[in-house]
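One structure is given here, and the rest of the page talks about it.
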Number of protein chains: 2
Amino acid sequence: MRSFVAVVDAGRFQDAADDLSITQQAVSKRIATLERTLGVRLFTRTARGARLTVDGQAFLPHARDLLRAEERAIASVRPGHRALRVDVIGRRLAPASVLGGFHRARPEVELDVVTLFDADAAVEALTSGSIDASFRAVDRSRLSADIGAVRVFDEPVQLLTGPGHPLADAPSVTPADLAGHRIWMPGIVAGTEWAAYYDALAAAFGLGIEVTGPDFGTDPLLDTLAGSPSLATFVGELTRLVWPADQGLRRISVQDPTPVYPHSLIWRRDNPHAALGDLRDHLGTVRPRAGTWTPDWASAAA
Amino acid sequence: MRSFVAVVDAGRFQDAADDLSITQQAVSKRIATLERTLGVRLFTRTARGARLTVDGQAFLPHARDLLRAEERAIASVRPGHRALRVDVIGRRLAPASVLGGFHRARPEVELDVVTLFDADAAVEALTSGSIDASFRAVDRSRLSADIGAVRVFDEPVQLLTGPGHPLADAPSVTPADLAGHRIWMPGIVAGTEWAAYYDALAAAFGLGIEVTGPDFGTDPLLDTLAGSPSLATFVGELTRLVWPADQGLRRISVQDPTPVYPHSLIWRRDNPHAALGDLRDHLGTVRPRAGTWTPDWASAAA
DNA sequence: TAGCGGCCACAACGTCCGGTTGTGCGGCGG
DNA sequence: CCGCCGCACAACCGGACGTTGTGGCCGCTA
């Protein structure tokens with residue numbers, strides 16, 4: 001493939017071979033192999049050089065694309081790569097939507113989106129330089145001074161139930177209403193800020209929240225909810241935008257107070273990446289609103 | 001690379017190996033080689049499977065891009081490919097601009113742009129199915145019935161001279177004014193419709209047009225013109241849009257009549273490609289205007 | 001038209017890459 | 001604590017790819 005482009009640029013097999021630091025025969029063989037696998041002739045061989053056939057001309061831009069894609073792939077893991085590498089907590093949550101908006105607003109900023117295990121891993125990755133920014137809920141008092149944090153988005157937590165659930169037809173509920181109900185949160189991994197969040201929520205309002213269990217996929221989880229009248233689960237409001245059509249599932253807002261998941265953007269202050277400032281500017285800052293609830297440790301990350 | 005994506009999708013080296021129909025050890029070795037060449041670790045090996053590292057997550061979308069690019073490259077030369085393959089006569093001329101406009105208007109239509117030797121080669125390529133359409137000046141009376149032709153663009157021919165040329169300061173000239181002047185057309189290959197066009201132009205107005213000579217690049221040609229007070233050449237009007245800033249060169253319109261190069265779109269009538277109709281609709285049809293001149297054989301291709 | 005030179009294809013050979021079989025090691029679960 | 005599962009390491013083997021050597025075709029030139 002690289003030989004093909006080299007021959008096109010050089011115009012002759014011989015010169016292409018020199019450029020590639022191999023012999024002309026090797027180039028001939030490579031092109032012959034490529035032509036055999038593609039099933040078409042790419043060059044017409046003349047007495048003084050090679051000219052592209054029609055198929056070769058059509059193939060050329062795609063071949064260049066392929067080489068560029070390889071370049072980008074290699075560059076994406078090179079230290080000092082210029083793409084902004086951002087950690088988001090869950091691709092189906094608010095930060096992913098926010099990042100999508102940033103990408104549409106600033107398409108020239110290259111983004112690499114990754115998902116780390118938890119906030120501690122994110123801070124460690126920031127410190128080591130393997131990521132540039134992270135959307136997480138963090139305890140600001142535990143951050144070292146060289147880590148910046150801005151609370152950028154509060155995502156309301158809603159109750160999701162099947163149609164047979166006792167609360168299915170309630171227009172809204174208060175956290176206190178949920179005492180005695182079984183709140184099922186499969187796939188929440190102990191030790192993450194998610195688990196800490198729901199632990200704090202359970203403790204604050206005397207709820208019984210099951211934060212253990214295997215990780216379900218989205219569809220099995222929704223199917224199970226739809227068929228189990230005793231099950232309810234918490235979901236972020238933004239899942240509404242990306243989940244498939246709810247098969248009879250009910251979204252019930254929680255009020256007085258509304259638990260919100262406090263997404264913060266965190267970054268290393270001495271990171272020189274120019275797009276980092278653009279991202280912060282694009283996000284703005286959230287002032288905690290009245291009537292909402294977050295854990296104490298999260299509220300500190302104003 | 002393909003192994004990397006397979007491991008990501010399968011979650012385990014073993015299953016990925018099964019998908020690829022090779023052994024687990026081979027996959028291990030491939031991944032190890034890839035990690036060595038990239039200089040980063042892509043997976044964390046656990047007791048039950050492999051999970052992506054941060055670098056692996058960042059690398060993944062680029063790896064998928066690479067595989068998609070390969071797919072497209074192979075598809076571009078496959079018989080029955082869905083991209084519209086169009087032959088244009090010179091990338092710097094009107095058809096290229098027209099095609100660019102079509103691409104902006106209908107970005108979902110994939111285009112492969114190629115350039116063939118002359119109109120005869122284009123007709124042959126159309127017949128054999130290796131291209132879908134062609135922008136050329138053709139003698140319609142010589143076309144077989146299964147080839148469609150629509151005259152879609154008339155590109156006025158202008159005179160290009162250096163500042164020292166006797167006609168440099170003329171606001172416009174007539175073809176008759178050019179008798180006795182040396183018209184220099186290097187790079188026009190005998191046997192093409194370009195050569196036929198200028199031969200007819202010379203015969204019609206008694207001009208001396210040198211349609212031979214080696215092919216110059218654009219920059220050397222413009223440099224030579226700028227420094228030679230006895231040289232003039234014909235260029236299409238659309239070159240204005242793409243050529244570098246003329247270093248003192250004069251563009252002189254030709255009038256009474258204005259020679260125009262009659263670009264036609266030609267295609268094979270039984271070509272089922274849906275985008276072909278879209279392209280024709282986008283182009284419209286040119287009605288020959290009064291005060292212009294084309295060779296008889298070209299005018300026939302209304 | 002005959003000679004020559006440039007350029008690519010074909011053939012034979014060697015090396016290295018990449019695949020396979022066989023085995024070892026570490027972590028998780030019973 | 002033992003067994004199993006999943007990946008890594010080692011040795012071996014075949015084929016692919018690069019090399020040297022050579023042949024043939026075309027275009028240029030005398």
Side-chain angles (χ1 to χ4, degrees), chain A residues 1-53 55-56 59 63 66-67 70 74 117 187 189-191 212-215, chain B residues 1-53 55-56 59-60 63 66-67 70 117 187 189-191 212-215:
Chain A
M1 185 68 71
R2 196 175 302 282
S3 301
F4 169 72
V5 175
V7 171
V8 173
D9 292 339
R12 282 195 298 268
F13 281 45
Q14 193 68 259
D15 295 355
D18 294 344
D19 294 344
L20 298 169
S21 301
I22 56 177
T23 60
Q24 166 264 316
Q25 290 88 337
V27 175
S28 281
K29 208 187 274 188
R30 280 192 187 179
I31 300 296
T33 304
L34 183 61
E35 288 177 331
R36 187 150 21 85
T37 56
L38 291 176
V40 297
R41 205 143 180 78
L42 296 173
F43 292 102
T44 59
R45 280 74 163 174
T46 74
R48 57 169 170 285
R51 253 204 339 270
L52 282 171
T53 63
D55 286 320
F59 186 67
L66 187 62
L67 296 182
E70 185 197 13
I74 293 173
F117 178 69
V189 182
T212 57
D215 193 5
Chain B
M1 185 68 72
R2 195 175 300 282
S3 302
F4 170 73
V5 175
V7 171
V8 173
D9 291 339
R12 281 196 297 267
F13 280 45
Q14 193 67 257
D15 295 354
D18 295 343
D19 294 344
L20 297 168
S21 302
I22 57 176
T23 60
Q24 166 263 316
Q25 290 87 336
V27 176
S28 280
K29 208 187 272 189
R30 279 191 188 180
I31 300 297
T33 303
L34 184 60
E35 288 177 331
R36 189 149 21 85
T37 56
L38 292 175
V40 297
R41 204 140 180 81
L42 296 173
F43 292 102
T44 58
R45 280 75 163 175
T46 74
R48 57 170 170 282
R51 255 206 335 271
L52 282 171
T53 62
D55 286 320
F59 186 68
L60 176 58
L66 186 62
L67 295 182
E70 187 198 11
F117 178 69
V189 182
T212 58
D215 192 4

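For the numbers below, each heavy atom of this structure counts, side chains included, while hydrogens, waters and symmetry mates do not. The sequence lines fix the lettering, A, B, ..., with proteins before strands; numbering per chain opens at 1.
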ask   = Parallel under 30°, tilted from 30 to 60°, perpendicular over 60°: which one fits the rings of Phe43(A) and Phe4(A)?
value = tilted

Requested in this report: Count the heavy atoms belonging to other residues, nucleotides or ligands that lie under 6.0 Å from CZ of Arg45(B), then report whether that count exceeds 12.
Outcome: yes

In whole angstroms, the gap separating C1' of dG26(C) from CZ of Phe13(B) amounts to 15 Å

Taken to the nearest whole Å, CG/Leu34(B) to C1'/dA8(D) is 17 Å

Under 4.0 Å between a side-chain N/O of Thr23(B) and OP1 or OP2 of dT20(C), yes or no? yes

Any donor-acceptor pair, under 3.5 Å, between the side chain of Gln25(B) and the base of dG19(C), if you only look at N and O atoms? no

Closest to the 5' end of DNA chain C, once Arg30(B) and Val27(A) are matched to their nearest nucleotides, is Val27(A)

Rounded to whole Å, the CZ-C1' distance (Arg36(B) to dC9(D)) equals 13 Å

Taken to the nearest whole Å, CZ/Arg2(A) to P/dG18(D) is 13 Å

- Task: Could you tell me whether a side-chain N or O of Gln24(A) sits under 3.5 Å from a main-chain N or O of Ala17(A), the two making a donor and an acceptor?
- Result: no

Of Lys29(A) and Thr46(A), the one whose closest nucleotide on DNA chain D sits nearer the 5' end is Lys29(A)

CZ of Phe59(A) to CG of Leu34(A), rounded to nearest 0.5 Å, is 5.0 Å

To the nearest angstrom, the CG-P distance between Asp15(B) and dG6(D) comes to 7 Å

When rounded to whole Å, the CD to P distance for the pair Gln24(B) and dT23(C) reads 15 Å

Open item on the list: Whether Ser28(A) contacts dA9(C) is assessed here as follows: a side-chain N or O lying under 4.0 Å from the phosphate OP1 or OP2. Is that the case?
Closed with: yes

- State whether the side chain of Ser3(A) and the backbone N or O of Val27(A) hold a donor-acceptor pair below 3.5 Å, judged by distance alone. no

Taken to the nearest whole Å, CZ/Arg41(A) to P/dC8(C) is 13 Å

ask   = With a 4.0 Å cut-off on heavy atoms, is Gln14(A) in touch with a base, just the backbone sugar-phosphate, or nothing at all?
value = sugar-phosphate

Here the distance between atom P of dA9(C) and atom CZ of Arg12(A), to the nearest Å, is 14 Å

